[in-house]
Amino acid sequence: MIRLRRLRASAALRELAAETHTDVKKLIYPVFVTFGEGGRQEVPSMPGVYRYAADGLASLAEEVFAAGIAGIMLFGIPEHKDEAGSGAYDREGPVPRAIRFLKQYFAEKGRSFLLIADICLCEYTSHGHCGVTGEGSIDNDRSLPLYAKAALTAAEAGADMVAPSSMADGAVGAIRAALDGAGYTSLPVMGYSAKFASAFYGPFRDAADSSPQFGDRKGYQMDPRNGREAMLELDADEKEGADILMVKPALAYLDLVSRARARTCRPLAVYNVSGEYAMVKAAAQAGWLDEKKTVAEIMTAFFRAGADIVITYHALDYAAWLREGEV
Ligand code: PBG
């Protein structure tokens, strides 16, 4: 008889036979920063996740410092929105301000820590779409220079990486060219390469106040039915010079993470999105799931599927549980 149970008989044997390891140094925590004062305010559909105002940044800095995670990905909620999303390239906007503050904080602590700027227009446009509008649709090519401008603004503030999330064709290439042209040749780009038009982004849109005011995002984000096309998107970002590729959302798309892992030699990230976080939180609050064990199992699944990097709202909690030996 083939007795696969033999290696499951004791904790020591299970450890020895374990194939997958999770690591806080591979986690990135997404953070919402907003204008004005007001400390921090919890996002109702994402318990434990906050929007940080300028005077809340010190508490954020302390938390992420203590966690030992790799870095944070910043999303901005501006005071004013307009048709062109001009807040996305405002030097005094919430994201550049937060980057300058956190850069200084970590420099004083002598710790290397990554500040990654999400590059998109949807948080900044009055219509909530990820690019500027053309004749009844989103104008891909007219949006490209705006993403490039937003990336340069983040670079000037001191971002360590930029991550274009609009699913515009050519965004990675346009940003790479603009960064190189301004001398930021060493600044890495993480492409949101295969990003799907997903219902799992609902809570994020509450947090960022970025729901489209008309239509939906199906004209630019991917159709969940398409796996081969996801491979073409990954190839395109790689060719345009993306240093890191991403699949998003995560849980319902792990087949694509596994296919992407076999296809590219680039580091691969997954984005464990807001709706995936909210589902776990809601069930845990109802007493229906053990939050710590559930999150640990989910994180393990991402790494087992082939992700090198996990972007997750659970990062701070998970890091603390690992540190305390609770998971
Ligand atoms: C912006 C952006 C979105 C997310 C990350 N960047 C929202 C969207 O495309 O509607 C979603 C992240 C999440 O749900 O956690 N383009």
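Not measured: the values here are computed from a predicted model. One-based numbering along the sequence shown. Every number for a ligand or one of its atoms is a count from 1 in the order of the listing.
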Return yes when [X] approaches ligand 1 closer than 4.0 angstrom through a heavy atom, no otherwise.
X: E276; result: no
X: M167; result: no
X: Y271; result: yes

Within ligand 1, which atoms have a heavy atom of [X] less than 4.0 Å away?
X: K248; result: 2 (C), 3 (C), 4 (C), 5 (C), 6 (N), 11 (C), 12 (C)
X: F75; result: 5 (C), 6 (N)
X: C122; result: 1 (C), 16 (N)
X: Y313; result: 12 (C), 13 (C), 15 (O)

[Y]/[X] salt bridge by N-O under 4.0 Å criterion:
X: K292; Y: D317; value: no
X: E92; Y: R100; value: yes
X: R176; Y: D180; value: yes
X: E238; Y: R263; value: no

- [ ] Check whether the ring centres of F303 and H21 lie less than 6.0 Å apart, and answer yes or no.
- [x]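 When the ring centroids of F303 and H21 are compared, they turn out to be at least 6.0 Å apart.
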Task: Nearest-contact summary for atom 14 (O) of ligand 1 - protein heavy atom, Å - done: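 Checking every protein heavy atom, the shortest distance to atom 14 (O) of ligand 1 gives S274 OG, 2.7 Å.
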- [ ] Among all protein heavy atoms, pick the one closest to atom 2 (C) of ligand 1 and tell me residue, atom and distance.
- [x] K195 NZ, 3.3 Å
Open item on the list: Is the contact between Y277 and ligand 1 made by the side chain, the backbone, both, or neither, using heavy atoms and a 4.0 Å cut-off?
Closed with: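 Y277 to ligand 1: no contact under 4.0 Å from either part.
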Open item on the list: Using a 4.0 Å heavy-atom cut-off, which part of S165 comes near ligand 1: side chain, backbone, both, or neither?
Closed with: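 It is both backbone and side chain that touch ligand 1.
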Task: Y147: which of S165, S166, P164 passes side-chain contact (heavy atoms from CB on, under 4.5 Å) - done: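 The single option meeting the side-chain contact (heavy atoms from CB on, under 4.5 Å) with Y147 is S166.
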Task: R261 vs D308, salt bridge (Lys or Arg N to Asp or Glu O under 4.0 Å): CA-CA, chis, key distance, verdict - done: CA-CA 9 Å; R261 174 67 298 149; D308 301 298; 2.6 Å; yes
TODO: Kindly identify the option in M73, R205, M46 whose heavy atom sits closest to atom 10 (O) of ligand 1.
DONE: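 Ranked by closest heavy atom to atom 10 (O) of ligand 1, first place is R205.
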- [ ] Output yes when the distance from some N or O of ligand 1 to some N or O of E123 is under 3.5 Å, and no in every other case.
- [x]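 Such a contact does not occur with ligand 1.
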Open item on the list: Below 3.5 Å, N or O to N or O, backbone or side chain included: is there any such pair between S166 and ligand 1?
Closed with: no
TODO: For the residue pair Y220 and H129, categorise the inter-ring angle as parallel (less than 30°), tilted (30 to 60°) or perpendicular (more than 60°).
DONE: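 Geometry flag for H129 against Y220: perpendicular rings.
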Task: Steps toward side chain to side chain donor-acceptor pair (under 3.5 Å) verdict (T22, Y318) - done: CA-CA 10 Å; T22 63; Y318 187 54; 2.9 Å; yes
